[in-house]
Amino acid sequence: MGFRLNVIRRASLTSIQTASKSAELRKGYVAVYVGDKQKRFVIPISYLNQQSFQDLLSRAEDEFGYDHPMGGLTIPCTEDVFQHITSRLNEL
């Protein structure tokens, strides 16, 4: 299974349930959990330096502190907002 830098990969709920919390990620990517159903997305770490993503990380810190029980970052926004932000980052 390959990854492209400009594509977000969303894991299926079944694969999340069967995979360990520390499932292997390809170098240069990080897992984030988004929305009410905590859907898992794998994004390039380069997104973490972008201002729009920094805003999401600040909100995550305010809401969750440093406790992220899913094994990845938990982002407090809807999936639609997250996908809108990451789609704009894909265009850079």
Side-chain angles (χ1 to χ4, degrees):
M1 177 184 293
F3 296 94
R4 291 183 0 204
L5 278 179
N6 63 350
V7 176
I8 303 167
R9 183 179 156 257
R10 184 176 75 188
S12 70
L13 184 57
T14 307
S15 66
I16 293 170
Q17 292 171 340
T18 58
S20 71
K21 288 183 181 178
S22 62
E24 270 189 50
L25 293 173
R26 187 172 177 190
K27 185 176 180 176
Y29 290 82
V30 63
V32 295
Y33 295 87
V34 179
D36 293 334
K37 295 182 181 180
Q38 296 294 293
K39 288 198 178 181
R40 183 177 190 250
F41 293 86
V42 177
I43 60 167
I45 59 170
S46 62
Y47 285 6
L48 302 178
N49 291 325
Q50 301 299 321
Q51 185 59 48
S52 56
F53 211 88
Q54 288 286 319
D55 294 341
L56 290 177
L57 293 175
S58 291
R59 289 174 42 195
E61 182 181 8
D62 291 344
E63 187 164 329
F64 302 113
Y66 295 104
D67 182 27
H68 297 275
M70 296 294 291
L73 293 171
T74 304
I75 306 293
C77 69
T78 65
E79 288 179 52
D80 290 340
V81 169
F82 181 79
Q83 289 178 331
H84 176 73
I85 290 170
T86 54
S87 69
R88 286 193 338 214
L89 294 175
N90 285 337
E91 296 170 359
L92 296 178

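Note that the structure is predicted; figures quoted are calculated from it, not measured. Scope of the values below: all heavy atoms of this structure, side chains included, with no hydrogens, waters or symmetry mates.
In this structure, Phe53 and Phe82 have perpendicular ring planes: the angle between them is above 60°, well past the 30° mark.
Separating the CD1 atom in Ile43 from the CD1 atom in Ile75 is a distance of 7.0 Å, to the nearest 0.5 Å. Within the model, atoms CG of Leu48 and OG of Ser46 stand 8.0 Å from one another, a figure rounded to the nearest 0.5 Å. Summarising the geometry, atom CZ belonging to Arg88 is positioned 13.5 Å from atom CD belonging to Gln83; distances are rounded to the nearest 0.5 Å. Expressed to the nearest 0.5 Å, how far CZ of Arg40 lies from CG of Leu73 amounts to 11.5 Å.
In Asp62, the CG atom is crowded: over 12 heavy atoms of neighbouring residues, nucleotides or ligands sit closer than 6.0 Å. Within 6.0 Å of CG in Leu57 there are more than 12 heavy atoms belonging to other residues, nucleotides or ligands.
Nearest heavy atoms, Arg59 versus Cys77: NH2-CB, 3.7 Å. Nearest heavy atoms, Pro76 versus Leu56: CD-O, 4.2 Å.
Evaluation of the side chain to side chain donor-acceptor pair (under 3.5 Å) rule for Gln51 yields Asp55 as partners, not counting sequence neighbours.
Looking only at side-chain heavy atoms (C-beta outward), Thr74 and Val34 stay at 4.5 Å or farther from each other.
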